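Have a look at the structure below before the remarks.
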Amino acid sequence: MVIIGAGINGAVAAAAASAAGLSVLLIDKGDIANFTSQQSSNLVWGGIKYLQGYEFGLVFKLCLARNRLMRHYPNQIRQIGFLASLGPTAPFGRLLGTFGTLFYWGIGLFGTRAPSSYSAKTAKQIEPNLKSGRTAIKYYDAELPDNDSRFVFDFVRHAISDGAELKTYTELKSATHSNAGWQLKLSGANSETVTAKSVINATGPFAKNVSDLLGSPTSADLVLSKGIHLVLNRKLTDEYQVLAFWDEQERLFYVLPMGDRSMVGTTDTRVKDPHTKVTKEDTEFVIKQVNAQMELADPITSADVVSERSGVRPLVIDAGQSGDVADWHQLSRKHAIEANKDLSVVTILGGKLTDCLNVGQEVVHELSQLGHKTTKPKNWFGEGDQIRKQEFFELVASRASAESAGLIADGIWRRHGAVGFEIIGEGNLEDIFDGLGVTSQEIRHIAKHEHVTSREDLLRRRLPVDMCRSKKELAANRTLQKLFVELGL
Ligand SMILES: Cc1cc2nc3c(=O)[nH]c(=O)nc-3n(C[C@H](O)[C@H](O)[C@H](O)COP(=O)(O)OP(=O)(O)OC[C@H]3O[C@@H](n4cnc5c(N)ncnc54)[C@H](O)[C@@H]3O)c2cc1C
């Protein structure tokens, strides 16, 4: 089958279907995870805020999905505390907040550390950058320290090791269906026509366009919500934690970790076009919220922004449901998977990174309903064994400076597991940017083995470097510039 779209949904579909014994071609018109799946908040979370909309079923399901991912990705997914400051725009006070976080912990089957609640005095002591005089609550979820796009790559890697073929920078241009199956015209370096028994439409915000192109309409519809994040040139909290606030529209916004920087956001604006960018108004809005909710010795300005992200959440609505949804911010984040038996097309609509394992399993189920002979997919996700982790850390410590050894070992092991032994080779290990834990050896390995065709694929999507350092800093880094020349990038 051909899977169109290598965002999280296409990647999990490819990994699960390949492991179920099916023959898979995965294509994307850009790089792996070049669209929505590189613009998220990097959270693997149960969706505490959906409790306010009484979506208990959704929260329960997302919490189970989070717990399962946390179990299978002990390095790539990290549990993290959310310290929420209860200012005047918070929709509840400390008592209700405490009850809500306890309920959230319970609905998540106690899969994280226990929540806590703080008086204004203690809150200020544990996080001096919070506004004085505000109580706080703390609950736990999880995040992706290497970014969403790296996580997507991991599923693509699983799919390839189970026999899937990958073609990036290859767009589905047209398609015809006959009794013999599908003929799909692809653009790309070598435009070609491929045949397939089934097509999986995993094109995120483009799902309706591609279902039109396939002549396979879906009953659910999509609306798009734009969200932006800004990465700052510094950390707004010294702890490894997320700070949570309610903005002037009473929406949750976060100060999130991004390498050795902080990322702030997000917004929720209805748009029609999936192609978005951060506008001056977006930047001003987010900066204003941060400065209004925190007590920073040095308030942030637009000069502090080193990089930005902007994407659209594809939100599922019933066909015929009015575009003027009464409460935009309350729209459900559930995904929908629709199968067209006559044309053998499966369409994935909406969803979250957090729910990805369920999407993979549901796609395989739909494919077996369409008549494909599938086996139960095995080992299609998760990290390899951790037996040599200690040995790896000791080896790195003997080759890197005391300041950077931990970061380097942690980063390489997280992203590559035991392949790290091959990556580090025999020489000394140096961080190419102090504080990021990325070495020349790793960059060489990624460029050669991870389907990289450009600097952006490498630094933005396989590594978080492009998010944590400004263009100017990247250009001034001699080691990096020499590596680009050596690698032909
Ligand atoms: C601001 C923001 C914050 C978010 N935060 C979180 C979060 O913290 N946690 C969470 O779980 N979820 C979060 N989400 C949601 C999550 O990011 C998305 O639901 C998810 O990434 C969607 O993945 P996808 O695979 O469906 O779409 P995409 O990632 O957009 O992938 C679709 C792919 O299809 C390709 N494509 C389109 N048309 C064609 C064609 N004709 N031929 C070939 N390829 C094509 C595109 O190039 C693209 O790569 C967030 C979303 C946003 C926007």
Side-chain angles (χ1 to χ4, degrees), residues 2-14 25-47 49 62 65-66 69 77 80 141-144 147-149 151-152 155-156 167-175 184-188 199-214 222 224-230 242 252-254 256 263 265-269 271 274-276 278 282 286 308-316 333-337 347-360 363 461:
V2 175
I3 300 177
I4 323 288
I8 187 65
N9 285 336
V12 287
L25 167 64
L26 172 64
I27 68 161
D28 199 292
K29 65 181 174 184
D31 182 28
I32 298 160
N34 76 91
F35 211 73
T36 322
S37 303
Q38 66 170 353
Q39 310 290 5
S40 81
S41 307
N42 293 325
L43 297 175
V44 173
W45 63 326
K49 66 180 179 185
L62 285 175
R66 175 203 64 195
L69 282 173
I77 295 179
I80 190 166
D141 263 313
E143 68 117 18
L144 296 160
N147 274 299
D148 39 13
S149 50
F151 188 56
V152 174
F155 287 100
V156 175
K167 286 178 194 277
T168 51
Y169 297 94
T170 301
E171 182 171 1
L172 174 68
K173 282 294 188 185
S174 64
L184 306 167
K185 234 187 202 163
L186 311 181
S187 78
V199 177
I200 299 176
N201 174 0
T203 52
F206 302 95
K208 294 300 281 183
N209 312 43
V210 171
S211 55
D212 285 350
L213 190 150
L214 296 168
L222 282 182
L224 307 179
S225 149
K226 174 182 165 189
I228 72 120
H229 293 90
L230 307 174
V242 176
L252 260 177
F253 84 93
Y254 302 112
L256 301 142
M263 175 165 89
T266 176
T267 54
D268 188 354
T269 320
V271 291
H275 302 94
T276 60
V278 178
D282 293 328
V286 170
E308 22 179 76
R309 3 202 312 151
S310 176
V312 290
R313 305 168 185 90
L315 305 178
V316 181
R333 264 57 172 168
K334 283 178 209 150
H335 67 261
I337 298 185
T347 307
I348 309 167
L349 297 146
K352 303 193 73 65
L353 290 152
T354 310
D355 216 10
C356 62
L357 299 183
N358 289 327
V359 170
V363 167
R461 287 179 283 273

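Heavy atoms only: backbone and side chains are in, while hydrogens, waters and symmetry mates are out. Whatever order the structure lists them in is the order used to number ligands and atoms, beginning at 1. If you're wondering where the values come from, they're calculated on a predicted model, not measured in any experiment.
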- line: Residues passing the side-chain hydrogen bond (donor to acceptor under 3.5 Å, both in side chains) test with Thr276, sequence neighbours excluded, are Ser310
field: From CA spacing to verdict: ring-ring contact (aromatic ring centres under 6.0 Å, His included), Phe253, His229
entry: CA-CA 10 Å; Phe253 84 93; His229 293 90; over 10 Å; no
Which residues share a salt bridge (Lys or Arg N to Asp or Glu O under 4.0 Å) with Asp28, sequence neighbours left out: none
query: Between the side chains of Ser37 and Asp148, is a donor N or O closer than 3.5 angstrom to an acceptor N or O?
result: no
- prompt: List by chain and number: which residues place a heavy atom under 4.0 Å from ligand 1?
  reply: Ile4, Gly5, Gly7, Ile8, Asn9, Asp28, Lys29, Asn34, Phe35, Thr36, Ser37, Gln39, Ser40, Ser41, Asn42, Leu43, Trp45, Thr170, Glu171, Leu172, Ala202, Thr203, Gly204, Pro205, Phe206, Val210, Gly227, His229, Thr266, Gly311, Val312, Arg313, Gly351, Lys352, Leu353, Thr354
Qualifying residues under salt bridge (Lys or Arg N to Asp or Glu O under 4.0 Å), relative to Lys29, sequence neighbours excluded: none
message: Quick check for you: to the nearest 0.5 Å, what is the distance between Ile27 atom CD1 and Ile4 atom CD1?
response: 4.0 Å
